[in-house]
Amino acid sequence: MAAAASHAGLWIPQLYQVARVRRELPDTTTLELAPVEGTRPSFAPGQFNMLYAFGVGEAAISISGAADAPHFIHTVRDVGAVSGAIAALKAGATIGVRGPFGSSWPLQPAQGADMLFVAGGLGLAPLRPAIYQVLANRPRYGRVVLLFGTRNPRDMLYRRELERWRQRLDVDIEVTVDQANADWRGNVGVVPALIRRVAFDPHDTVAMICGPEVMMRFTVNALLEAGVSAQQIHLSMERNMKCAVGLCGHCQFGPSFICKDGPVMRYDRIADIFAVREI
Amino acid sequence: MEGLDHILAQHPFFAGFCAEHSRLVAGCARNHRYDAGEYLFREGGPADEFFLIRHGQVALEIVAPGRTPIVIATLGEGEITGASWLIPPYRWMTDARARTLTRAIGIDAACLREKCEADHDLGYEMMKRFLPILVQRLHATRLQLLDVYGKP
């Protein structure tokens, strides 16, 4: 678990300036946020910040940049008023930031094991800091596999980065799309189906999954079927977060709060409630 | 040169198959090689064979007039394609096209159906292997239809 956010950052949004904007997809933007004063707090891969679009509202957005990057990097998809306002910010604009919050990917205990990252759609964003960290410390891990599922070839997040990673000889990357015509030369089908096609040692693999919850349920089943134990499977969960410190209850998930006990959760600890729709 | 029964025994689909059943199935098998772009089968054609992919990638496609073929799924090494041999009227429901150089074992459907009728243990073993794959693909298709990466 990463250290709790500093007291000031806990409740009062700190002012940040949008240092750089990158349009990833027609509805998805990556923002680099530089603190107006001082340096940004440290974070661990998997954590999130509360981003405050002034006059509109606040939203929980995962950090998608490297832990050693000078700025906070967030990839935001326009799915509503708040995320739309954040995604529309231009370079030079100011934004409020609270955080970082939440649990992180267990990269330290995973050392020595095979690493299996499974991402769906925008779920690649919260996994990206973990991938950066593993690649920066590549000798400390066994096989490294990234399976990425997306809607169609046009909606592929971080395409250039995926192409760069693919050129490495020490990472296996498989991308699949749900919909394609014959012009697409890659895989077609759902991302859990890729699990049977890649090499990893199921008894010594740590799996990290992020994507829509339905996709994660199918992926967990495929991993269990492949022999990966429930204790070795980690998911990044999503619920409607408000306070981000486990007080308001908006993100309650059974006995847990996603904002403080998650977003990264070990599957065996939530297996009983993961598929319960009432929770 | 490797015998077909030996090649079949190494394919994941036949993992755990007994020697006698392997020999029976091998009697219906033959090797295929497809260059990129070649069809393993075409929609509407007789489903007289099913295929164990040994190497390469195969796309299952559906063609709508005037449009680029839509790819439903891609399959690779260790997978099978062609379930229509099991179900009357034994006609292919999609195209299957090699995307890269593809090597496959084709199992003659009429030959295998006859052997399964004569030896129900063999038939049951075949069903135990086919059914989970069909169910997995049905589940995968449902997930694909959900369009989970679309806007919430």
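Small disclaimer: the values here were computed from a predicted structure and weren't measured. Convention: sequence-line order gives letters A, B, ...; per-chain numbering from 1.
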Taking atom [atom1] of [X] as the centre, does the number of heavy atoms from other residues, nucleotides or ligands within less than 6.0 Å exceed 12?
X	atom1	value
R23(A)	CZ	yes
E238(A)	CD	no
K115(B)	NZ	yes

Under a 4.5 Å cutoff for heavy-atom pairs, which residue among G149(A), G189(A), A193(A) has the most contacts with chain B?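 Top count of heavy-atom pairs under 4.5 Å with chain B: G149(A).
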Considering only heavy atoms, which portion of [X] lies under 4.5 Å from any heavy atom of chain A: side chain, backbone, both, or neither?
X	answer
I72(B)	backbone
R97(B)	side chain
Q144(B)	both
L146(B)	side chain
A73(B)	both
E77(B)	neither

Could you name the residues of [range] that have a heavy atom within less than 4.5 Å of a heavy atom in chain B?
range	value
residues 208-218 of chain A	P212(A), V214(A), M215(A), F218(A)
residues 176-183 of chain A	D178(A), Q179(A), A180(A), N181(A), A182(A), D183(A)
residues 150-166 of chain A	T150(A), R151(A)

Gap separating the OG1 atom of T68(B) from the CH2 atom of W184(A), nearest 0.5 angstrom: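 Between atom OG1 of T68(B) and atom CH2 of W184(A) there are 15.5 Å.
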Side chain to side chain contact (heavy atoms under 4.5 Å, CB included) involving Q252(A) - partner list, sequence neighbours excluded: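 Listed in chain order: F257(A).
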Within the side chain of R99(B), is there an N or O that forms a donor-acceptor pair under 3.5 Å with the backbone of G186(A)?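 The answer is yes, because a donor-acceptor pair under 3.5 Å joins these two groups.
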Report the option among T141(B), T100(B), D147(B) that has the most heavy-atom pairs separated by less than 4.5 Å from atoms of chain A.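 Winner by heavy-atom pair count: D147(B).
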Contact class of R196(A) relative to chain B, heavy atoms under 4.5 angstrom: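 Looking at R196(A), just its side chain touches chain B.
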Hey, mind stepping through H139(B) and V190(A) against side chain to side chain contact (heavy atoms under 4.5 Å, CB included) and telling me if it holds? CA-CA 10 Å; H139(B) 288 163; V190(A) 296; over 6 Å; no
Taking all non-hydrogen atoms of both residues, which atom of R197(A) and which atom of L75(B) are closest, and how far apart?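 Closest pair (atom of R197(A), atom of L75(B), distance): NH2-CA, 4.1 Å.
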